[in-house]
Each structure stands twice: as structure tokens, then as C-alpha cells.
Amino acid sequence: MAAISREEVAHLARLSRLAVTDEELDRFAGQLDVILQSVARIGDVAADDIPPTSHSVPLTNVYRDDVVQPSLKQEDVLAGAPDAAEGRFRVPRILDEEE
Amino acid sequence: MSTTVLPTYDDAVARYEPVIGLETHVELGTNTKMFCGCPTEFGAEPNTQTCPVCLGLPGALPVANRAGIEATIRIGLALNCDIAEWCRMARKNYFYPDMPKNFQTSQYDEPLCVDGYVDVDVDGETFRIEIERVHLEEDTGKSLHVGGATGRIHGATESLVDYNRAGIPLVEIVTKPVTGLGARAPEVARAYVTELRDIIRSLDVSDVRMEQGSLRCDVNTSLNKPGEEWGTRTEAKNVNSLRSVERAVRSEIIRQSGILDAGGSILQETRHFQEDTGDTRPGRSKETATDYRYFPEPDLVPIAPDPAWVAELKAALPEKPSVKRARLREEWGISEVDMQSVANAGAVELIEETIAAGASPAGARKWWMGELARRANETGVELAAVGASPAQVAQLQALVDEGKINDKLARQVLEGVVAGEGDPAQVMSARGLEVVSDTGALQAAVDEAIAANPDVAAKIRDGKVAAAGALVGAVMKTTRGQADAKTVRELILARLS
Amino acid sequence: MSDVTKMTAVQIAGLIASGEASAVEVATAHLDRIAAVDERVHAFLHVDREGALAAAAEVDAKRSRGEELGPLAGVPVAVKDVIATRGVPTTAASKILEGWKPPYDATIVERLRAAGTVSLGKTNMDEFAMGSSTEYSAYGPTNNPWDLGRIPGGSGGGSAASLAAYEAPLAIGTDTGGSIRQPGAVTGTVGAKPTYGGTSRYGLIAFSSSLDTPGPCARTVEDAALLHAAIAGHDPRDSTSIPQPVPDVVAAARRGATGDLTGVKLGLVKEFSGEGAEAGVTAAFRESVEALVKLGAEVVEISCPHFEYALPAYYLIAPSEASSNLARFDSVRYGLRVGDDGNRSLEEVMSLTREAGFGPEVKRRIILGTYALSSGYYDAYYGQAQKVRTLITRDFTKAFEQVDVLISPTTPFVAFPFGSRTSDPYQMYLADLYTIPTNLYGGPAISVPCGLSEGLPVGLQVMAPTMADDRMYRVAAALESAVGTFTPPEL
């Protein structure tokens, strides 16, 4: 049985904002299936009582002081923008009202 | 448009029990953003308070602001929460152009503060609102929607994004579902947000101004029949004032009740509160349910507040606003209603400091709640920013008490103080507003008034002392209000006795 | 003066310090070499001739003023294109960042400048450091100077190839699963992955934040140690940076170069010796182990039972973090925008841009990572991978109670021909089989040339405990003293 279906890959691509082609979907679905079958072995490890590691350095409480540092100049901020107007980044109309 | 016939509020709460929940966002008043050193001042030119970190430039990394962590813990403590011994920030992943990294650095299953409560009083009855969690996250940027009719997202042809606000620390305070409120639900919701605002203001970690967005509230409401399971809830956003909190709950109760009465079912959705009509309208429904794919933020290390530090912060918390209000009400000898309006006006500390500077409670309250409140209202600024300090108000009242100025002159002095002309005494002499206490000059004015009004003078001589008022008025007129009315009256009576 | 491009960084720095050569002469010689050979090697995506000559002139001016020069002053360095350089194109070998010039410098770049090194330009790599061959660069692969028809390793193939082609004596790489060490191994050069947190990630375009580690690449162990010392150390702009002094890696490398390993205990990773590796790789590795024993080292076999799960854990953790890190490439603030025709919505433009701007391996990993983080799969995949990470760390900790360092081949196979592993992504992933455990643990590891297999270089990997980077330099330098360095055929 496939670990991941073509439909699932299509859904994940949408969630990742990738306008993949049909040809890519076919290819990725096959390749991701192989990869997932291989990495699924990880479930064989008995690790129920093992704490997860999210950071390999044992540091905690790394903070900076609440002191203002120089910001970038507006022109430098916008220099790399694909499009800008009125000191802001211009984007096409937004569909969602996601917050 | 809904064709449902809406029930009255009383009918709605007679048939259904509301359950409410409130999610409140507080923008912290730190000097810098949560994860970079950019300033947080409101109203700067767009994209001038940004840097590689808060713009999410490739390669940039966050470093947490100690003041943001401390403020969150203090808020948690003030809300009677337990502070986590160890917790992590998490990434909340979703795409939105306001959000530079397309994930929000937030907290997920490990909030910094949990399990607290706030007691609120409504008409002498106390309600305990339980707090589920208080967590720290970062704010988004702001979009200007261009080309639409109303500046709203719908119908716009393009948007312009400013990231000055992106990365400013936000504290989210989430209540547990509140049950058993019945018809009081809207009032309790409002009282809770009011109390929350006062508590946070007392901590001096945010200016908590709803109209400026530094305090934002989402209101969840559901209805169920007595004894039955909780109903489906809706979330009302865009609730931008204390009054709106109350109205939003009330209108949702009526709206949902109408649907349930008609045999319909409630859609779990986000709705937008309408300030003009006082009801809520549906937002655009999302294409699919969002999966935020939270995971621990690998670029920030865990937060493990030292218990000794937390204990120190707890010991240093200010007096709770409710306790303080009760104490001050007693000391000032005012009613609960009056105390409430003082609190609502943000005048508690100002009056307190004015009294500390030597004014009587009545005198202090008179200026802050009268002339200064009126000015603040007119100019749309906070009372604290109206232009007069507690020390100046105390001095003003002292000048009145000493008889150097009367109330009318005091208002003119205050006007000068607010205009930045100096302390009351300076304004008084600079503007020449001192009461005329030179009895020689006053006597002349009195004689002049008697001569000009022989009829009145005759009446007073006949013992009709009350008629003296007319002569006092005349003297005040010639001295342009700068005389002490009591002295004038005494001079008139002495001359005509 | 003999050809400076064939010299070590130590030798070049010596010439400049003594005044026998100017930094400008040295930079020019390297820029000329790049001009002569890079068309065939394609190690560089951007050559910063002007910037290099200006930086070199500054070193010469300093010297003429009698100011003290650091140990690497005037030495050219090539920088992997995943590191932000102010005003100099930085693309991470992706179309989505084509032409982007960062408005800031990475911490490492600042430190390189402070050390007086001369940056020649930006080196090629697999797009966003995802790959083991540079075949996933959006700008075409880098060719291995040992055999131009073979891969130079990846992701940092450009940095490694620039050394092997004598275009630069030093290079900066980044190592998430082996991207410094595996290219080092297949190009016959030295590549070191420092302790995670030992070198700053500020300005390193993130692939997998909890694994990414910048580090030095060089042709000799001592040169690598000098570069390591120049870039390492606490950086307050990186929250995961370790606030401790850097171990004295240069002294350790010099001590190792004396060829004495008496009292040093080496652990042979049982799970990585034999099976899976090419015969020639295994043979070269075994000979090197014998050489190390002759230098006085004691060798014991150590079992690390969870290392076999490192590859699956890595291919869940790294893509998950990558899916989030790469979300920022959305056509709004910088980089590519595709399909903005005035009608399409932002969502459509974003999706078209990301589709056009990312290559196939990046898309695969974004989709894989999005999957592994999804609410229904998180516990089985990402969550489980993080638990396995803990077990791998415990394997290391236990091993280092018994031995000073662990050793293994760096990669199971020598440089392979282009195209031989691109059709099956998992076959490509196997290139990092031996290097990945260290990244999950966070410790340091170095690859040092140890021999040839059918005329192609083989690398030996030395893994050390966290913040004991000095140990690996000592062992690597000792091996180098025994087996020598390896010179590719003339280009």
C-alpha cells in the first residue's frame, strides 16, 4: 500500500503554496512514497518514554536587553522588493481573510 | 439576509444558557520588539522600524527580549496563574503577507502561564473568570487595501504592506469557558475585560487602549438549552471597545437564539462585530480548515524562569486594582458609582498623586474628573497626557484654597498650564489672574457700584440683604472676575449697614 | 615567487606578513586562477573581483602602517552562497533569490573581514543546501576537479571544488547533514563541522535550524583549524550560540601534526564499518586505521545501535524545519515574483512564484516536511524523530565515556558520475549515511583525506564530543601527517 496518495501530495502542495504541475504530482507522489516507506522504519524504535530533543544545545533563557538598535533605512528595506509603493511592499489583491 | 425572526434578549436568555469565552491580545509597551532591537513607537513612517530579523530576511535570527518575558510573567502572576518552570516558543505556520516569515513565533502546548483567575464585580455580585493560559507571541505587520470602495480587503485590487508593527510582543490571555452567567453574560464579559485592562494598566506593561489596538478582544459565544451539552460557538472579532464587548455577546445571544428557535444549527465560524449596528456579520469562510503545523521554534532556546526571579516579581506586584479601588473609595469618601467612573476615566493614579501632592480628595477629583476630563475627551487624548501633572493640579487647588484665585480664574489658569505656559503660580502672575485683594481698589469699585445702583443700595439699607448679590455681580464685572466675591459682599454690607 | 595558489593558508599568510608578497598579488593570482579554470569547474556563482582587491589593498595598507596582522590576514577565502554578504549577491543557488543583495552581513562574514581574509566570491551548492552533489543548484552543477564528469559532493560542492581546483586556499561551508564533510571527502580536501552553537548561524540562510552549522574547508588540517578559530565563538545575535570559549583547535592541529597519538582512544563505529560502503572506501579506511594505530592510538569497536535510524530521523526533522524556514520566500519582500499580471490574486502569484523559483529537491522536501508536521502525523513522524534524536545523542554520550573520538568513513562512496543518483532521491540521501548522526547529536566532526580508491579521494571522519572540537583536529592532523595530502590531476 502506498504511504502517501497523489491526492495527499496535491493537498500538501496547496498548503505549501506550490502550484505543482500534474507531471510533478505523479513524480513526487512516487518519490515521496519511496522516501516515506524508508523513513517509516523510525516507528520501529521503542521510544515511548524517551523525551524528544528539539535543540542540541542545553541552553535556556537566552535574552537580550530591551534597548533600541538601529533599524534599516526604508530605501534599503524596499530595495529588494519585487514591487513597492508609498514606502510599503505592494502585493496583488489578497483572497483570504485568514488571520 | 437572514429571514429568522429575532427573539427579544429576555426571551433568548429565558430559553438558553450562554457560555462565553474571551481571548484578549495585549500589545506590550516594551521599548523594542520581541525578537529584535527595532523600536515600537506608534505612527512612524512605514517600514522605518524594521530590520533583517523582523522583516524575516533570509539568514536573520531572533533573540528574545527579556522585558517581554518579564511582562508576560507579571501579567500571569497578576492573573493568579502558575508560571511554567520550562516552556518553549513554537512556530505557527500559515501564509499571510502581513507575516514576514509566514510563520508566527508563538506558543502552543507550553504556554508561559496557566490556570489563573480574575474576580469581577457586577452590581455587588462577584464572578470568578478562570484563565486557561497566558502566552507570548509576536504581532503581524499591517496592510493597506487599495482600490476597494471602503479600504477593506474585499474588492481591493492590491495591498500595501508595512512591517513596523511586525514583531511587537503580544500577550494572549485566554479564559476557560464561562458558564452559569445567564442574562448577566454580556455585562460580565465587559466587566472582565475592564478588570483585565485595569490590572494590566496597574502593571505598567502596556497602555491597553482598545481604540488604538493595544488591547484587542475576541469573544466566543454559544448557547445551550438547560441541562444539555454546550452548543456550537462562534468567535466575534473586531470588538474594539468595552461597550462593544457587551454588545457583541448580547447580539450573538439574540442571533443564535433566533436560529435555534427556528430549528437551525449554528455554524462554527469567525464573525466580525459591526460598531455601527452592534451586531456581527460572517467573515469569509476559509477554503479548508487550517493546519498550523506547530513545532518548537528551533531558533530560540527554552524559557525556564528562575523560581527566585518569579517569586521576586510576584512580591513586587502592585496592589490589585479592585483592592486599591475599595481602599481609595473609603479614603476619598465617594460612592461605588463615582469610583467606577474615576477608574473608567483612567484617573485613579492621577487623583492619588494629586492628593499625595497636597490636595484634598474632593479638590483633586474635581479637576481631574471635571475640567481636565472634558479637555481630554475633546482633544481625544488620555487623561494622563492632557498636559497637566498631578503636582500642578495640587498647586492649582492650593491657590484656590488660599483665596488667591477663585474657581473661574482657576479654570483660566489651568488652560494656561495645559497650553504649556508653566506651573499654576507662574500662569497666574503672567496672565495677571490673581484675585484683587487690594481693599482700597475694591472699596472704590464697591462705592462705584453703590452709586450706580441707588435702588439696590436702598433695598439693602432696608435690610434686604439678599439684594447684595446684584451689587457683587456689578463689582465682579468691573474687576473682570478677579475679586473675591465673599470679600466684595462683606465690603458692600459694611458700607450700607 | 612560486605559485601562491598551490600554497597553504599558513604559507600565504607568512608571505604577506614578511612582505614577500602583497595581499593584492595573492588575491590577483587567485582571481586569475578562477578566470582560467572556473569555466570548467564552476565552483563559483559570483566572483567579487572588485571587493576582493579592495579588501586585499586594505590589508596591504594596514601592513604598511605597521599594524598587527591576524594569522589569516590577506588569505583569500571562498564563501558558500548560503551566507548573507551585504551588497553581494546571495542566492543559496536558488532561482527564487536570483539577484538578491542582502542589506546586512552574516556574523561569519564580519569575522572573516575582521581577520583580514579576502573574500573572492560566493560558491555553488545544492539549492538551499539540499543535496549531496550540487546537481540541485539552479545554476548548474559544480564539476569535481579530480574528474570533471563526477560530482564534487554537496551541498557545499562549490566550496570544496574551489579548494581542489586551487582557486582558493580556504572556504566556508555549512553542514546540516554532511554538506561540509562529504564534499571534503570526495574532493580530497579537509572539511570540519564545528559543534552546533560553536559557530554563529546569524546570516546563514536556514535550511534546518536545529542542525545547520557553518564551518571551515581547507586543503590542510592546520588551515582548517585557523579558519575555524577565526569564525567561531559566541554571537549574541544567535540564541543557540554557546557562550563559552572555543577550544584551541589550532594548537590541537599542531600537536596532532607531530604524529603522536599515544594515549588517544579511537572508537570504530561498528554500524558504519563494512556493510553499505564501496570496497575501495572500506579498504582505504582500514589502511588509515592501521596508520593511526602506528601513531600510538588505541582502537576499539563501539556499537551505536541507534545510528541506523539517523537517516530516517534526519529526513523527517530537516524537511520539517525546511518547510517552515522556506515559507518566507513568497514574492512579497525580496526575490522572485512570477505571474503578477494585475488579475491574479496574491495567493496565486505566491504559488506560481514558489513553483517556478524552487527546484525539484526543494519542493520534495517542503512537501515531505509539511506532511511530517501535519496534525495527524506529527507524533508518528516529527515527534518520533525527535525522540530518536535523543537516543542517538545517548549513543554518542555512552561512546564518549569509553573513547576520545569516534571514527568512520566520511561517506560510503567516492565521487559518483553526474546523473547516477538523481532519479531515486533516496539513493542520493545515502551519501550522508555516516555524517548525519553527528548533526542530530550536535557534536563536531571533521573529514580528512585518507587515501584513494580507483584514483578518487576517500575521506575519514573523526567525531568528537560537543565542545571538544580540538580532539578531532588532533587526530585528523596526525592522520594527515601519516598519509599526506592528495593532489588532483592538473586541470
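Lettering of chains follows the sequences in order, A, B, ..., and the numbering in each one begins at 1. Every heavy atom of this structure was used, including side-chain atoms; hydrogens, water molecules and symmetry mates were not.
Judged by the 6.0 Å and 45° rule, B:Arg91 forms a cation-pi pair with B:Phe103.
Dense packing is recorded around CZ of B:Arg88, with more than 12 heavy atoms of other residues, nucleotides or ligands lying under 6.0 Å away.
Proximity to chain A (any heavy atom under 4.5 Å) is restricted, for B:Glu297, to the backbone atoms N, CA, C and O. For a residue to count as touching a neighbouring chain, one of its non-hydrogen atoms must lie under 4.5 Å from one of that chain's; by this rule A:Val67 touches chain B with the backbone only. The part of B:Ile69 that comes within reach of chain A is its side chain, from C-beta onward, which places non-hydrogen atoms under 4.5 angstrom from that chain. Heavy atoms of B:Pro97 lying under 4.5 Å from chain A belong exclusively to its side chain. Proximity to chain A (any heavy atom under 4.5 Å) is shown, for B:Thr30, by both the backbone and the side chain. Looking at B:Phe35, only its backbone comes within 4.5 Å of chain A, counting heavy atoms on both sides. For chain A, the nearby part of B:Cys36 is the backbone; its heavy atoms alone come within less than 4.5 Å. For chain A, the nearby part of B:Leu55 is the side chain; its heavy atoms alone come within less than 4.5 Å. With a 4.5 angstrom heavy-atom cutoff, B:Pro296 touches chain A only via side-chain atoms.
In terms of heavy-atom pairs under 4.5 angstrom with chain A, the leader among B:Val63, B:Leu300, B:Val53 is B:Val63. Top candidate by heavy-atom pairs under 4.5 Å with chain A, chosen from B:Ala67, B:Cys38, B:Ser159, B:Pro302, is B:Ser159. For the set A:Leu59, A:Val57, A:Asn61, the count of heavy-atom pairs under 4.5 angstrom toward chain B peaks at A:Asn61. The candidate with the highest count of non-hydrogen atom pairs below 4.5 Å against chain A, out of B:Pro39, B:Ala304, B:Gly141, is B:Ala304. Most heavy-atom pairs under 4.5 Å with chain A: of the set B:Ser143, B:Cys51, B:Pro46, this distinction falls to B:Pro46.
The existence of a salt bridge linking B:Lys237 and B:Glu235 is confirmed by a sub-4.0 Å separation between a basic side-chain nitrogen and an acidic carboxylate oxygen. Salt bridge B:Lys92/B:Glu137: absent, no basic N to carboxylate O contact under 4.0 Å. A salt bridge does not link B:Glu70 to B:Arg74: none of the charged side-chain nitrogens sits closer than 4.0 Å to a carboxylate oxygen. A salt bridge links B:Glu138 with B:Lys101: at least one charged nitrogen is closer than 4.0 Å to a carboxylate oxygen. A salt bridge does not link B:Lys142 with B:Asp162: every distance from a Lys NZ or Arg NE/NH1/NH2 to an Asp or Glu carboxylate oxygen is 4.0 Å or more.
Counting only distance, with no hydrogens or angles, the side chain of B:Gln107 and the backbone of B:Glu110 share a donor-acceptor pair below 3.5 Å.
Contacts between residues 72-90 of chain A and chain B, defined by a heavy-atom separation under 4.5 Å, are made by A:Leu72, A:Gln74, A:Val77, A:Leu78, A:Ala85, A:Glu86, A:Gly87, A:Arg88, A:Phe89, A:Arg90.
Sorted by first and then second residue, the pairs that involve residues 54-68 of chain B and meet side chain to side chain donor-acceptor pair (under 3.5 Å), not counting sequence neighbours, are A:Asp65-B:Arg66, A:Asp66-B:Asn65, B:Thr32-B:Asn65.
Remark: B:Tyr108 pairs with B:Tyr294 by the ring pair (Phe, Tyr, Trp, His ring centres under 6.0 Å) rule, at least two apart or across chains.
The heavy-atom pair separating A:Ala3 from A:Gln37 by the smallest distance is N-NE2, 3.8 Å.
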Listed pairs under 3.5 Å, donor-acceptor, residues 43-50 of chain A side chains, sequence neighbours left out:
none

key: B:Arg271 and B:Asp218: CA distance, side-chain angles, deciding distance, salt bridge (Lys or Arg N to Asp or Glu O under 4.0 Å) verdict   = CA-CA 10 Å; B:Arg271 301 179 64 84; B:Asp218 301 337; over 6 Å; no

